Amino acid sequence: MNKIGIIGGTFNPIHNGHILLANYCKEKLNLNKIIFIPTYTPPHKSDKDLVSEVHRLNMCSIAVQNFEDYLVSDIEIKRKGKSYTYETLTNLKEIYPDDSLYFITGADMFLTLEKWKNPNVIFDKAIIAAVPRNRMDFEVLNSHYINFLKPLGATACIFDEPVLSVSSTFIRENIDNYDLIESLIDRNVYEYITKNNLYRK
Ligand code: NAP
């Protein structure tokens with residue numbers, strides 16, 4: 001039986017916070033592999049500067065190319081429509097029936113999980129792993145788990161160390177200032193963004 005981490009995201013673009021989130025969970029949970037799954041249409045966002053799913057998929061592939069246990073899946077992109085996590089986990093459980101799935105999330109998404117479509121299916125198919133954005137988050141996440149998610153059948157591992165303070169929004173807003181974002185994004189992903197003229201105003 002393998003332990004597989006799943007990181008769903010808009011990845012607009014993927015950055016080092018996402019990779020550190022994966023590295024951290026892989027080590028703490030002893031995961032065998034991690035699958036990054038870029039959304040087709042995110043159910044919860046309508047970013048006006050959302051680049052195409054093909055660009056977001058390509059950037060994910062570039063970002064993980066040197067990690068042998070990290071894969072990128074186009075399962076949501078091929079499915080099209082809104083990328084509901086319960087459907088993705090149902091599909092993955094059919095592909096990996098004997099493995100344990102860990103759905104890895106940051107703080108913001110964790111705090112909305114009970115409002116997602118069919119949360120009971122999500123909690124049935126996967127254990128949730130939540131990593132905070134800052135040192136203040138742990139108590140908030142833990143009480144959300146105890147009060148809202150556990151009563152719905154969720155099992156969650158909540159970590160108390162933030163990985164890196166960075167967001168895709170910050171990267172997009174500073175795309176012309178490489179000195180500012182150099183430590184936050186993979187060099188090859190940045191070159192892909194530049195070559196394809198993404199996120200320019
Ligand atoms: P995103 O912005 O690309 O981020 C992907 C994940 O990485 C998020 O969980 C995010 O945490 C986390 N993250 C990013 N930077 C981080 C940092 N510096 N430290 C720690 N964590 C960090 O993705 P997203 O647009 O939020 O979407 C997340 C997933 O949730 C997608 O697969 C989406 O389809 C799914 N979703 C599903 C439903 C539904 O099924 N109804 C509804 C909403 C979302 P944060 O949570 O803190 O942003």
Side-chain angles (χ1 to χ4, degrees), residues 5-26 28 34-51 53 55-57 59-60 63-64 70 72-92 101-126 128-138 140-141 144-145 149 152 154 156-173 181 183-186 189 199:
I6 312 293
I7 303 190
T10 308
F11 300 127
N12 186 42
I14 190 165
H15 54 63
N16 291 347
H18 297 123
I19 299 296
L20 290 173
L21 177 67
N23 297 348
Y24 181 84
C25 289
K26 182 168 188 300
K28 294 280 176 188
I34 298 199
I35 309 178
F36 290 73
I37 308 187
T39 59
Y40 185 69
T41 302
H44 59 309
K45 283 181 179 169
S46 50
D47 289 352
K48 57 180 177 354
D49 49 3
L50 181 68
V51 302
E53 64 283 0
H55 283 316
R56 292 182 290 111
L57 180 74
M59 289 189 282
C60 288
V64 306
Y70 294 0
V72 178
S73 165
D74 60 2
I75 189 171
E76 293 190 347
I77 290 174
K78 281 201 171 131
R79 198 166 70 227
K80 298 197 187 300
K82 284 197 177 178
S83 300
Y84 290 116
T85 298
Y86 86 92
E87 284 191 273
T88 304
L89 293 175
T90 301
N91 294 156
L92 290 173
L101 303 183
Y102 289 75
F103 185 75
I104 298 169
T105 171
D108 290 354
M109 288 299 104
F110 185 80
L111 295 174
T112 67
L113 263 174
E114 76 281 5
K115 301 192 184 87
W116 293 13
K117 197 166 179 185
N118 295 334
N120 54 319
V121 178
I122 295 174
F123 303 148
D124 180 50
K125 307 285 178 202
I128 311 298
V131 176
R133 287 273 176 139
N134 59 57
R135 299 240 165 244
M136 312 290 287
D137 278 348
F138 177 75
V140 179
L141 295 180
H144 190 78
Y145 173 47
L149 304 184
L152 295 174
C157 309
I158 301 167
F159 295 107
D160 59 1
E161 295 163 87
V163 287
L164 174 72
S165 183
V166 52
S167 68
S168 294
T169 309
F170 183 82
I171 303 274
R172 293 197 301 274
E173 285 173 351
I181 60 173
S183 61
L184 308 177
I185 188 165
D186 180 280
V189 172
Y199 308 120

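Values reported hereafter were calculated over all heavy atoms of this structure, with side chains retained and with hydrogens, waters and symmetry mates removed. Here the structure is a predicted model, which means the values were calculated and not measured. Atoms within a ligand are numbered from 1 in the order they appear, just like the ligands themselves. Residues take their numbers from the sequence shown, with the count starting at 1.
Relative orientation of the Tyr24 and Phe159 rings is perpendicular, given thresholds of 30° and 60° on the angle between their planes. Taking the six-membered ring for Trp and thresholds of 30 and 60 degrees, His15 and His18 have nearly parallel ring planes, at less than 30 degrees apart.
Applying the side-chain hydrogen bond (donor to acceptor under 3.5 Å, both in side chains) test to Lys125 and every residue at least two apart in sequence or in another chain returns nothing. With sequence neighbours excluded, the residues that form a salt bridge (Lys or Arg N to Asp or Glu O under 4.0 Å) with Lys78 are Asp74.
Each side-chain hydrogen bond (donor to acceptor under 3.5 Å, both in side chains) pair with one or both residues in residues 115-124, not counting sequence neighbours, appears once here: Thr112-Trp116.
Within 4.0 Å of ligand 1, contacts by protein heavy atoms are made from Gly8, Gly9, Thr10, Phe11, His15, His18, Leu21, Thr39, Pro43, His44, Lys45, Ser83, Tyr84, Thr85, Thr105, Gly106, Ala107, Asp108, Met109, Trp116, Lys117, Arg133, Val163, Leu164, Val166.
We find the OG1-CD1 distance between Thr85 and Ile122 to be 5.0 Å, quoted to the nearest 0.5 Å.
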